[in-house]
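Have a look at the structure below before the remarks.
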Amino acid sequence: MKTKELKKVLMAVMAALTLHSTASKAQTANDEDPDTKYATELLKSGTEAPDFMLPSPEGRMVMLSQYKGRYVVLDFWASWCPDCRKDAPHVVKMYEEFKHENVSFIGISFDVDSVKWREAITKYNMKYAHVSELKKMRETEIAKAYGVNWIPTLYLIDPEGKVVLSTVVSSKINAALKEVFAKKE
């Protein structure tokens, strides 16, 4: 092979490797966002959030429609879920940061044991409203209504009852809340 031909072949190989590397990096970036993997069936932005009526740990019925006129963060979780336990301090911190704004938090648990559910609420200092059907996630009406197949999952609902954001990444909800309330200042 002549030098010129060899250079052309090497240049073509290098170009192909560069394209492959760029495509791989783009794919890796998508793979790193858990929403692309776990949030595919969640309700989309602009969708009317389904109302629900579920019992609190004290037996009081809680409905999403009670919160009309406020932003609402729905935190789908369970005490047995390692990722939920890891995320709980972040959600609590978010609650503490925004509890004096026009936003409420509702923890929606997929626990089946009411004692463990209550203990986790206390342990993680989750001072916001909590509800549960006390059924396994895949057996609950709320999981079906909201497309929840993975926890933790969070939703931000606007004052009119529409989905602003659905995600499995709590920091995205935090960023959205900061954006919402920064505009109001």
Side-chain angles (χ1 to χ4, degrees), residues 22 24-50 52 54 62 64 67-111 116-117 119-132 137-138 140 142-185:
T22 302
S24 294
K25 285 179 186 173
Q27 181 62 40
T28 301
N30 284 341
D31 290 344
E32 289 174 5
D33 181 5
D35 281 344
T36 62
K37 201 172 192 181
Y38 302 113
T40 57
E41 294 184 35
L42 298 180
L43 301 176
K44 303 300 179 217
S45 180
T47 304
E48 185 77 25
F52 55 82
L54 294 171
V62 175
L64 177 61
Y67 296 88
K68 200 90 165 180
R70 298 181 63 80
Y71 283 90
V72 179
V73 173
L74 300 178
D75 175 25
F76 291 87
W77 70 288
S79 67
W80 48 260
C81 164
D83 289 338
C84 300
R85 291 191 304 263
K86 187 170 68 174
D87 201 43
H90 302 292
V91 177
V92 169
K93 183 178 178 189
M94 205 179 344
Y95 164 75
E96 291 295 331
E97 183 176 350
F98 293 101
K99 69 182 179 184
H100 298 296
E101 300 290 347
N102 187 34
V103 63
S104 296
F105 284 66
I106 304 172
I108 302 171
S109 174
F110 294 121
D111 279 283
K116 289 182 181 176
W117 174 38
E119 287 173 351
I121 292 168
T122 302
K123 178 180 180 178
Y124 294 106
N125 203 24
M126 302 165 130
K127 296 179 182 177
Y128 42 91
H130 288 273
V131 296
S132 181
M137 180 171 66
R138 304 222 189 294
T140 64
I142 191 92
K144 292 172 191 165
Y146 280 84
V148 176
N149 293 314
W150 180 267
I151 51 176
T153 288
L154 295 101
Y155 275 88
L156 178 59
I157 311 298
D158 74 12
E160 289 77 43
K162 303 252 191 233
V163 173
V164 174
L165 176 64
S166 56
T167 182
V168 299
V169 182
S170 61
S171 62
K172 290 182 180 183
I173 296 290
N174 193 37
L177 286 170
K178 285 182 177 185
E179 184 177 320
V180 164
F181 291 107
K183 290 179 184 175
K184 308 238 180 211
E185 294 177 349

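Residue indices begin at 1 and follow the sequence shown. When reading the values below, keep in mind they use all heavy atoms of this one structure, side chains included, and skip hydrogens, waters and symmetry mates.
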- Task: Please report the C-alpha distance between Phe105 and Met94 in whole Å, then the side-chain angles of each, then the deciding distance to 0.1 Å, and finally whether the side chain to side chain contact (heavy atoms under 4.5 Å, CB included) criterion is met.
- Result: CA-CA 9 Å; Phe105 284 66; Met94 205 179 344; 4.2 Å; yes
TODO: Could you give me the CA-CA distance, side-chain angles and deciding distance for Ser132 and Asp111, then say whether side chain to side chain donor-acceptor pair (under 3.5 Å) is met?
DONE: CA-CA 7 Å; Ser132 181; Asp111 279 283; over 6 Å; no
Could you check if a side-chain atom of [X] sits within less than 4.5 angstrom of a side-chain atom of [Y], using non-hydrogen atoms only?
X      : Y      : answer
Val91  : Tyr124 : no
Tyr71  : Phe181 : yes
Trp80  : Ile151 : yes
Leu54  : Val62  : no
Phe52  : Ile106 : yes
Thr140 : Val148 : no
Val73  : Leu177 : yes
Ile121 : Ser109 : no

Within a 6.0 Å radius of atom [atom1] on [X], are there more than 12 heavy atoms belonging to other residues, nucleotides or ligands?
X      : atom1 : answer
Lys172 : NZ    : yes
Lys86  : NZ    : no
Lys144 : NZ    : yes

[atom1]/[X] to [atom2]/[Y] distance, rounded to the nearest 0.5 angstrom?
X      : Y      : atom1 : atom2 : result
Leu74  : Tyr67  : CG    : OH    : 10.0 Å
Lys99  : Tyr128 : NZ    : OH    : 12.5 Å
Phe76  : Cys81  : CZ    : SG    : 13.5 Å
Lys178 : Glu97  : NZ    : CD    : 4.5 Å
Leu156 : Ile173 : CG    : CD1   : 5.0 Å
Thr167 : Asn174 : OG1   : CG    : 12.0 Å

Using 30° and 60° as the class boundaries, would you call the ring planes of Tyr146 and Tyr155 parallel, tilted or perpendicular? perpendicular
Those residues at least two apart in sequence (or on a different chain) that pass salt bridge (charged side-chain N to carboxylate O under 4.0 Å, His left out) with Lys127 are none
Test your reading of the model: is there a side-chain donor-acceptor pair from [X] to the backbone of [Y], 3.5 Å cut-off?
X     : Y      : result
Arg70 : Pro159 : no
Asp75 : Pro152 : no
Thr47 : Val163 : no

| Can Asp87 and Leu154 be said to form a side chain to side chain contact (heavy atoms under 4.5 Å, CB included), step by step? | CA-CA 11 Å; Asp87 201 43; Leu154 295 101; 4.1 Å; yes
For this session: Any salt bridge (Lys or Arg N to Asp or Glu O under 4.0 Å) involving residues 148-160? Give me the pairs, sequence neighbours left out, ordered by first then second residue.
Result: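 Residue pairs with at least one partner in residues 148-160: there are none.
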With sequence neighbours left out, the residues meeting side chain to side chain donor-acceptor pair (under 3.5 Å) with Asn149 are Glu41
Ile157 and Ala49 have their tightest heavy-atom pair at CD1-CB, 3.6 Å
Closest non-hydrogen atoms of Trp150 and Met137, given as atom of the first, atom of the second and distance, are N-CE, 4.2 Å
